[in-house]
Amino acid sequence: MEIRASLLEGGPLAARIKQDVKIQIEQMVATQGIRPCLAAVRVGDDPASAVYVGNKIKACEEVGIRSEHHALPESTTTSELLDLIGSLNERDDVDGILTQLPLPSAIEERAIIEAIDPAKDVDGFHPVNAGRLALGRPVFVPCTPAGIIELLDDSGIEIRGARACVVGRSQIVGRPMAQLLLQRDATVTICHSRTRDLAAVTREADLLIVAIGRAGMIGREHIKPGATVIDVGMNKVTDADQVRDLFGPDAEKRLAVVSKRGYTLVGDVHPAGAAEVAGKLTPVPGGVGLLTVAMLMKNTLKAAGRRRG
Ligand code: NAP
């Protein structure tokens, strides 16, 4: 019999997290006269980055965080960007700094990440914060993996003792995800592009977290029946045949999106194939992405509390 995985939607939990942040900010303003402030820095004209930063700014407005949007031209140099980061570090009224990645290739991304004051590093990418997480003493945890843990907890999915597999070992998703699962007593395997017989490894997992960046790569053959599958991927698909393959009987709605916008967003997990095998599955869009933004709000509130509280 065909199993239809239940969907783990990110929206309701993201809304609750933001509501909770909003209440705490109102209290902070009322009792201490402090309104947290997030400075978002974007360089160049990448349309996806513009959308991501726009969503973050909008979330700030929703929860009552003051925000600044520093949109710099593509021609910005590493040293100019370092100057801006330096001035944001100095300012007492700025609690959180994020630089939207990827930066243009001419800019030294690592130097920029390392220049951000760790106390204002609300993305959790600075080596101090990555190191603290690796030691099991986290302060600022990267927003996407932190949001996934919240989603698993909120959905009553047991992490302790579970066999967890993370596909992808990036600094911003895969590695911190594995650290968080380990801290919560999962037995963790990390896979990457050199993993031999990926499907044999991923099929062992009760909890499969996928952050690769390849549309629909993880299919039914990669998934243990009944497993919880968290799809971090966000890929643009434009080809109608690929959409039909990915969505099967549900393709019509997506094809309508493609004809309207020119593309549809697809995760790294094959949605139609996974739905037949997985127990629970996050949708794309409407899953992990919404939680990422909510956790950024939470981290910014935390930064303000730690710095000025
Ligand atoms: P990344 O830095 O490009 O890392 C991709 C990882 O996938 C690497 O570790 C790579 O292995 C691994 N990989 C590539 N091909 C593979 C294959 N064939 N088999 C197994 N592993 C493979 O990507 P990222 O920044 O982690 O992002 C991953 C995806 O998540 C992207 O689609 C991105 O857009 C999305 N994302 C979404 C959110 C959200 O809020 N929803 C946030 C961040 C990222 P190697 O290390 O061996 O190269």
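Both counts, for ligands and for their atoms, begin at 1 and track the order of listing. By convention here, the first residue in the shown sequence is residue 1.
- Within ligand 1, the atoms closer than 4.0 Å to a non-hydrogen atom of Gly168 are 6 (C), 7 (O), 9 (O), numbered from 1 in the order shown.
- Given atom 20 (C) of ligand 1, the protein heavy atom at minimum distance is His192 O, 3.2 Å.
- Atoms of ligand 1 lying under 4.0 Å from any heavy atom of Gly213, numbered from 1 in the order shown and given with element: 28 (C), 29 (C), 31 (C), 32 (O).
- In terms of protein heavy-atom proximity, atom 34 (O) of ligand 1 is closest to Met234 O, 3.5 Å.
- Under a 4.0 Å criterion applied to the non-hydrogen atoms of Thr144, ligand 1 contributes the atoms 40 (O), 42 (C).
- For ligand 1, the atoms sitting less than 4.0 Å from at least one non-hydrogen atom of Gly289 are 40 (O), 41 (N), numbered in the order shown with element in parentheses.
- Using a distance-only test at 3.5 Å, with no hydrogens or angles considered, a donor-acceptor pair links the side chain of Thr202 to the main chain of His222.
- The protein heavy-atom contact nearest to atom 41 (N) of ligand 1 is Val232 O, 3.4 Å.
- Every atom of ligand 1 is numbered from 1 in the order shown, and the set under 4.0 Å from a heavy atom of Asn235 is 32 (O).
- Residue-to-ligand polar distances place Arg169 within reach of ligand 1: an N/O pair is separated by less than 3.5 Å.
- Side chain of Asn299 to main chain of Val141: a donor-acceptor pair is present (N/O by atom type, distance under 3.5 Å, no hydrogens or angles).
- Shown in contact with Gly233 at under 4.0 Å from a heavy atom are these atoms of ligand 1, numbered in order with element: 29 (C), 30 (O), 32 (O), 35 (C).
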Worksheet item: Can you check salt bridge (Lys or Arg N to Asp or Glu O under 4.0 Å) on Arg66 and Asp93, steps first, answer last?
Response: CA-CA 10 Å; Arg66 195 165 68 75; Asp93 64 318; 2.9 Å; yes
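- Distances from ligand 1 to the non-hydrogen atoms of Ala211 include at least one value under 4.0 Å.
- Electrostatic pairing of Asp206 and Lys280 does not count as a salt bridge here, judged by no charged N lying under 4.0 Å from a carboxylate O.
- One N or O on the side chain of Asn235 and one on the backbone of Gly267 form a donor-acceptor pair closer than 3.5 Å.
- Looking at atom 19 (N) of ligand 1, its nearest protein heavy atom turns out to be Met217 CE, 3.7 Å.
- Annotation for ligand 1: atoms under 4.0 Å from non-hydrogen atoms of Thr292 are 39 (C), 40 (O).
- A donor-acceptor distance shorter than 3.5 angstrom exists from the side chain of Asp231 to the backbone of Gly233, with no hydrogens or angles considered.
- Close contacts of ligand 1 with Ile172, meaning ligand atoms under 4.0 Å from a residue heavy atom, involve 25 (O).
- Under a 3.5 Å cut-off, the side chain of Ser155 and the backbone N or O of Leu151 do form a donor-acceptor pair.
- Glu26 contributes no side-chain N or O that, together with a main-chain N or O of Ile23, makes up a donor-acceptor pair within less than 3.5 Å.
- Side-chain contact between Thr189 and Val166 is absent, with no heavy atoms from C-beta onward closer than 4.5 Å.
- One finds the SG atom of Cys143 at 11.5 Å from the CD1 atom of Ile148 (value rounded to the nearest 0.5 Å).
- Neither the backbone nor the side chain of Gln171 comes within 4.0 Å of ligand 1, counting heavy atoms alone.
- The heavy atom nearest to atom 2 (O) of ligand 1, out of those in Ser193, Pro145, Ser170, is found in Ser170.
- Proximity of atom 27 (O) of ligand 1 to the protein is not indicated, since no non-hydrogen protein atom lies closer than 4.0 angstrom.
- Ranked by closest heavy atom to atom 23 (O) of ligand 1, the top entry among Val293, Ile212, Val173 is Ile212.
- Note that the CD1 atom of Ile112 and the NE2 atom of His126 stand 11.5 Å from one another [nearest 0.5 Å].
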